[in-house]
Amino acid sequence: MFKKEKQIKRVVIKIGSSSLTSMHGEISRRKLENLAEQIVALKDAGYETAVVSSGAVAAGYRKLGCIDRPSSLPEKQAAASIGQGLLMESYSELFLSHGYVASQILITRSDFSDEVRYGNMHNTMNVLLERGIIPIINENDTVTVDRLRFGDNDTLAAKVAGLIDADLLIILSDIDGLYDSNPNDNPNAKLLENVHSITPEIEAAAGGSGSAVGTGGMKSKIQAVKIAMAAGIVSFLGKAGTENILMDAVEGAAKGTYFEQESDAFNLDNQKQWIAFHSGPEGKVTISSNAKTAIIDKNENLYRSDIQDVTGRFKDGAVVRILDEEGKEIGLGRVNFSNEQLNEVAAEDEKELEPAIAQETFVCSRDFKLPALV
């Protein structure tokens with residue numbers, strides 16, 4: 001059970017490959033129908049619902065002529081090009097039979113790192129959700145190269161949840177929650193029903209891999225939860241095959257693990273989410289000890305006179321890493337000057353007019369423990 005001050009209205013559901021496919025790796029009509037009916041029940045109850053669905057490669061590789069799930073990138077991408085169409089066709093057919101329209105959105109990591117495209121995705125998904133459409137979202141496996149991959153749809157789902165200001169992220173898989181140790185090795189392992197912070201002990205417990213037809217294990221789910229929690233979004237991890245898992249999850253009564261920050265925790269707004277998780281910092285600035293105290297403890301802006309050293313080449317508006325005098329990263333921020341302008345000596349009458357980094361574009365590492373792989 002979780003406690004949430006604001007009413008749950010917008011939900012993102014991440015469905016793993018094993019939750020959709022048969023033991024032979026093809027789409028299981030029974031599993032798909034069951035989940036689609038549960039999503040329809042959420043829609044009928046008034047919830048805005050987006051689905052981040054795995055399964056494209058798993059659904060398509062046998063149609064490609066492969067006996068086993070392919071390991072080479074070209075074969076995976078070819079299988080995805082077949083499977084994505086099959087998956088979308090099935091979703092559309094099932095939702096239309098209940099009077100709902102599904103849309104398809106294929107995303108790459110670079111769509112998040114480009115701020116204009118990020119804004120476009122935000123606007124598009126808002127229109128779809130507000131008009132009752134069910135977006136079906138997946139990584140664009142057919143064209144994505146390794147360096148631009150999310151790595152798994154858990155991370156993608158968390159980023160989508162933040163993008164659309166969701167109230168709840170539901171991660172469905174073939175496991176029924178987070179345990180304090182591996183339940184396959186320890187019969188006395190205890191299910192953690194409520195988690196309020198991701199501690200080193202929890203990360204250590206998140207070992208092991210997922211199903212043979214999926215790409216993400218518990219570690220990727222914890223990584224996703226970190227992103228969602230930083231945005232103030234409640235997350236739930238549970239087993240897809242559990243009866244009425246979606247409605248129970250929304251109502252706070254499902255078997256599984258709920259992840260929710262304490263009510264007094266800081267949350268990132270949409271701009272700071274982009275800076276923290278998607279931007280890709282282009283340089284570094286080192287600031288004085290007094291400036292460190294000012295921006296962290298006093299919630300003040302940084303000015304050009306506060307910056308002692310500049311590393312890298314960047315334009316005004318870029319996101320940079322902010323280091324203290326010992327070289328420790330204290331956060332990220334959007335800088336209002338280019339590297340060349342920061343290296344110039346500001347005139348006495350102009351240095352206080354415009355901050356180099358404003359407080360509203362500063363994300364402090366101390367508060368959010370930013371994930372290393374985003």
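Remember, predicted model here, so these are calculated numbers, not experimental data.
Q359 approaches N299 most closely through the heavy-atom pair NE2-C, 3.2 Å. Closest approach of A157 and V12 over heavy atoms only: O-CG1, 4.0 Å. Of all non-hydrogen atoms in I164 and A50, the two that sit nearest each other are CD1-CB, 4.3 Å. Listed here is the closest heavy atom pair of S173 and S18: C-OG, 4.5 Å. Considering all non-hydrogen atoms of both residues, L332 and P281 come closest at CD2-CG, 3.8 Å. Nearest heavy-atom pair, Y303 versus E354, reported as atom, atom and distance to 0.1 Å: CD2-O, 3.8 Å.
Atom-to-atom distance recorded for L172:CG and L35:CG is 6.5 Å, nearest 0.5 angstrom. Between S28 atom OG and R30 atom CZ the span is 4.5 Å, to the nearest 0.5 Å. Rounded to the nearest 0.5 Å, atoms CE (M125) and OG (S103) are 8.5 Å apart. Remark: L323 CG to S365 OG distance equals 9.5 Å, nearest 0.5 Å. Note that NZ of K315 is 9.0 Å distant from CD of E282, once rounded to the nearest 0.5 Å. Once rounded to the nearest 0.5 Å, the distance linking NZ of K14 with CG of L156 reads 9.5 Å.
The side-chain heavy atoms of V11 and E48, taken from C-beta on, include no pair separated by under 4.5 Å. Side chains of E115 and W274 form a contact here, defined as non-hydrogen atoms less than 4.5 Å apart. Using a 4.5 Å cut-off on side-chain heavy atoms (C-beta onward), I134 and V51 make contact. Between N336 and D316 there is no side-chain heavy-atom pair separated by less than 4.5 Å. I15 is listed as a side-chain neighbour of L20, based on a closest heavy-atom distance under 4.5 Å. Considering only heavy atoms from C-beta on, K284 stays 4.5 Å or farther from V320 through its side chain. Put simply, the side chain of L168 reaches to within 4.5 Å of the side chain of V250, judged on heavy atoms. Side-chain contact between R109 and E139 is absent, with no heavy atoms from C-beta onward closer than 4.5 Å.
V127 and M121 fall into different hydrophobic clusters, where Ile, Leu, Val, Met, Phe, Trp and Tyr side chains are chained together by heavy-atom contacts under 4.5 Å. Hydrophobic clustering (side-chain heavy atoms under 4.5 Å, transitive across Ile, Leu, Val, Met, Phe, Trp, Tyr) groups L128 together with V101. Residues I233 and I198 share a single hydrophobic cluster, defined by chaining ILVMFWY side chains whose heavy atoms lie under 4.5 Å apart. In the hydrophobic cluster analysis, where Ile, Leu, Val, Met, Phe, Trp and Tyr join through side-chain heavy atoms closer than 4.5 angstrom, Y179 is grouped apart from I202.
Side-chain atoms of R321 and T311 form no donor-acceptor pair, as typed in the model, at a separation below 3.5 Å. In the model, N138 has no side-chain atom that pairs as donor or acceptor with a side-chain atom of S53 under 3.5 Å. When only modelled atom types and interatomic distance are considered, S72 and E75 share a side-chain donor-acceptor pair under 3.5 Å. In this structure, a donor-acceptor pair under 3.5 Å is present between the side chains of S110 and T108.
Salt-bridge check for D176 with K255: passed, with a basic side-chain N closer than 4.0 Å to an acidic carboxylate O. Under a 4.0 Å N-O distance rule, the pair D167/R10 does not qualify as a salt bridge. For the pair D174 and K239, the salt-bridge criterion is not met [side-chain N within less than 4.0 Å of a carboxylate O].
Residues satisfying the side-chain contact (heavy atoms from CB on, under 4.5 Å) test with A291, not counting sequence neighbours, are I287, S288, L302, D306. Listed by chain and number, the residues in a ring-ring contact (aromatic ring centres under 6.0 Å, His included) with F236 are Y258 (sequence neighbours excluded). With sequence neighbours excluded, the residues that form a side chain to side chain donor-acceptor pair (under 3.5 Å) with K292 are D324. For R29, the side-chain contact (heavy atoms from CB on, under 4.5 Å) partners two or more places apart in sequence, or in a different chain, are E33, S90, E93, L94. For T361, the side-chain contact (heavy atoms from CB on, under 4.5 Å) partners two or more places apart in sequence, or in a different chain, are Q271, I275, R334, I357, A358.
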### Message
Walk me through whether L237 and F259 qualify under side-chain contact (heavy atoms from CB on, under 4.5 Å).
### Response
CA-CA 8 Å; L237 172 61; F259 301 84; 4.1 Å; yes
### Task
Show your reasoning for whether side-chain contact (heavy atoms from CB on, under 4.5 Å) applies to Q84 and Q104.
CA-CA 10 Å; Q84 189 61 45; Q104 182 180 46; 3.2 Å; yes
### Task
Might you work through the salt bridge (charged side-chain N to carboxylate O under 4.0 Å, His left out) test for D154 and K221, ending with a clear yes or no?
CA-CA 6 Å; D154 299 317; K221 292 168 177 54; 3.3 Å; yes
### Message
Applying side-chain contact (heavy atoms from CB on, under 4.5 Å) to Y118 and D111, what does each step give before you reach the verdict?
### Response
CA-CA 6 Å; Y118 180 83; D111 293 322; over 6 Å; no
### Message
Between N126 and T124, does the side-chain contact (heavy atoms from CB on, under 4.5 Å) criterion hold? Intermediate values first, please.
### Response
CA-CA 5 Å; N126 273 337; T124 298; over 6 Å; no
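Annotation: E130, atom CD; neighbour count of heavy atoms from other residues, nucleotides and ligands within 6.0 Å is above 12.
Judged by distance alone, the side chain of S17 and the main-chain N or O of S54 form no donor-acceptor pair under 3.5 Å. Although no hydrogens or angles enter the test, the distance criterion places a donor-acceptor pair under 3.5 Å between the side chain of D114 and the main chain of R117. At distances below 3.5 Å, at least one donor-acceptor pair connects side-chain atoms of H122 with backbone N or O atoms of L163.
Relative to the ring axis of F337, R304 places its NZ or CZ within 45° and under 6.0 Å from the centre.
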List, one per line, each side-chain donor-acceptor pair under 3.5 Å for residues 37-44, sequence neighbours excluded.
| residue | atom | partner | partner atom | Å |
| --- | --- | --- | --- | --- |
| Q38 | OE1 | I245 | N | 3.0 |
| Q38 | OE1 | L246 | N | 3.0 |
| Q38 | NE2 | N34 | OD1 | 2.9 |
| K43 | NZ | G132 | O | 3.3 |
| D44 | OD1 | Y100 | OH | 2.5 |

